[in-house]
Amino acid sequence: CIGLVCHSLCDSGRPQNHSVHGFNKTVSRSYKKMKNQKDILKLRAHHGMCLAFFEGKGYSDTFTLHMGSILEKMRGNPVLQIVTNGDMICKKCPNSKENTCITQEKVKIYDQKVLAACELSKGVTLSWEEFSFLVEERILKKGKRREICSNCQWHEICQRKELERYGNSQKRNAAGD
């Protein structure tokens, strides 16, 4: 089992070291104690990648402003429940019809691939910092984003941002390094 440093304050009140396989259980246990379920924000798994590369472009002005406000909210490190259906980002998306994405089958595959890459289960509860750390370490830095969502309409933006942030890591990953 690969070791992972969890940056949460778990039950002991101190940062804890957890194995990858123990991550879900420990993190989930610490947040189950929250009294107000309204404090837990729902986030689609693949939106962790979208937020990592968001640069103020979107489907519409309304959606773009909404996405910016969510990114700002993430700076407060909220507690998230990682889902594979409509979330707080989807609420302002013009592709959302009656709380269902018109490309639901495609984006559900993105969600499932993100969950698998991060070794998380649907419905897991963890902080934004924990989730974004996993997305960064397990997907973005390893050049796996392309395997997950290369058919997304925003692929070129993410590809450019990957190159700016990580350089040639995508080429190294493709070569098996």
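What you see is a predicted model; the values in this text were computed from it and never measured. Because only heavy atoms are used, hydrogens play no part in the values below, and waters and symmetry mates are left out as well, while side chains stay in.
Tracing side-chain contacts under 4.5 Å through hydrophobic residues (I, L, V, M, F, W, Y), one reaches L51 starting from V124; they form part of the same cluster. Follow the hydrophobic side-chain contacts under 4.5 Å out from V83 and you never reach V135; the two are in separate clusters. Hydrophobic clustering, with ILVMFWY side chains joined whenever heavy atoms are under 4.5 angstrom apart, keeps I109 apart from V107.
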Quiz item: So V79 and D39, side-chain contact (heavy atoms from CB on, under 4.5 Å) or not? Walk me through it.
Solution: CA-CA 7 Å; V79 177; D39 293 338; over 6 Å; no
Quiz prompt | Stepwise side-chain contact (heavy atoms from CB on, under 4.5 Å) test for E55 and K161 | solution = CA-CA 9 Å; E55 63 175 29; K161 298 211 49 141; 3.4 Å; yes
Practice problem: Go through the steps to decide whether F53 and L140 satisfy the test side-chain contact (heavy atoms from CB on, under 4.5 Å), and finish with yes or no. | Solution: CA-CA 10 Å; F53 291 134; L140 303 178; 3.6 Å; yes
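The SG atom of C158 sits 13.0 Å away from atom CG of L163, with the distance rounded to the nearest 0.5 Å. Distance SG/C152 to CD/Q159: 12.0 Å, rounded to 0.5 Å. The distance from the NZ atom of K113 to the SG atom of C118 is 14.0 Å, given to the nearest 0.5 Å. Atom OH of Y110 and atom CD1 of I148 lie 10.5 Å apart (nearest 0.5 Å). Put simply, CE on M74 and CZ on F54 are 12.5 Å apart, with the number rounded to the nearest 0.5 Å. In this structure, CG on L80 lies 14.5 Å from CZ on R44, to the nearest 0.5 angstrom.
Applying side-chain contact (heavy atoms from CB on, under 4.5 Å) to I82 and the options L126, D111, V114, L134 leaves one that passes, L126.
The heavy-atom pair separating A45 from L115 by the smallest distance is CB-CG, 3.9 Å. Between R138 and K142, the shortest heavy-atom distance links the atoms O-CD, 3.8 Å. A pairwise comparison of heavy atoms in Y166 and K141 identifies CE2-CG, 3.6 Å as the closest pair. Closest heavy-atom contact between M67 and C50: CE-CB, 3.9 Å. When every heavy atom of C90 is checked against every heavy atom of S96, the shortest pair comes out as O-CB, 3.4 Å. Residues L43 and F131 share a closest heavy-atom pair of CD2-CE2, 3.9 Å.
With a 4.5 Å cut-off on side-chain heavy atoms, C149 and H155 do not count as touching.
Among residues two or more places apart in sequence or in another chain, the side chain to side chain donor-acceptor pair (under 3.5 Å) test is passed with W154 by Y59.
Salt bridge status for R160 with E164: present, with a side-chain N to carboxylate O gap under 4.0 Å. Salt-bridge check for R145 with E162: passed, with a basic side-chain N closer than 4.0 Å to an acidic carboxylate O.
Applying the side chain to side chain donor-acceptor pair (under 3.5 Å) rule to pairs touching residues 79-95 yields H47-D87, sequence neighbours excluded. Sequence neighbours left out, the pairs with a member in residues 63-74 that pass side chain to side chain donor-acceptor pair (under 3.5 Å) are E72-R75.
For E147 (side chain) and K144 (main-chain N/O), no donor-acceptor pair under 3.5 Å exists by modelled atom type. Judged by distance alone, with hydrogens and angles left aside, the side-chain atoms of S127 form a donor-acceptor pair with the main-chain N or O of E130 at under 3.5 Å.
Atom CD of E105 sits in a sparse spot, with 12 or fewer heavy atoms from other residues, nucleotides or ligands closer than 6.0 Å. Other residues, nucleotides and ligands place no more than 12 heavy atoms under 6.0 Å from the NZ atom of K122.
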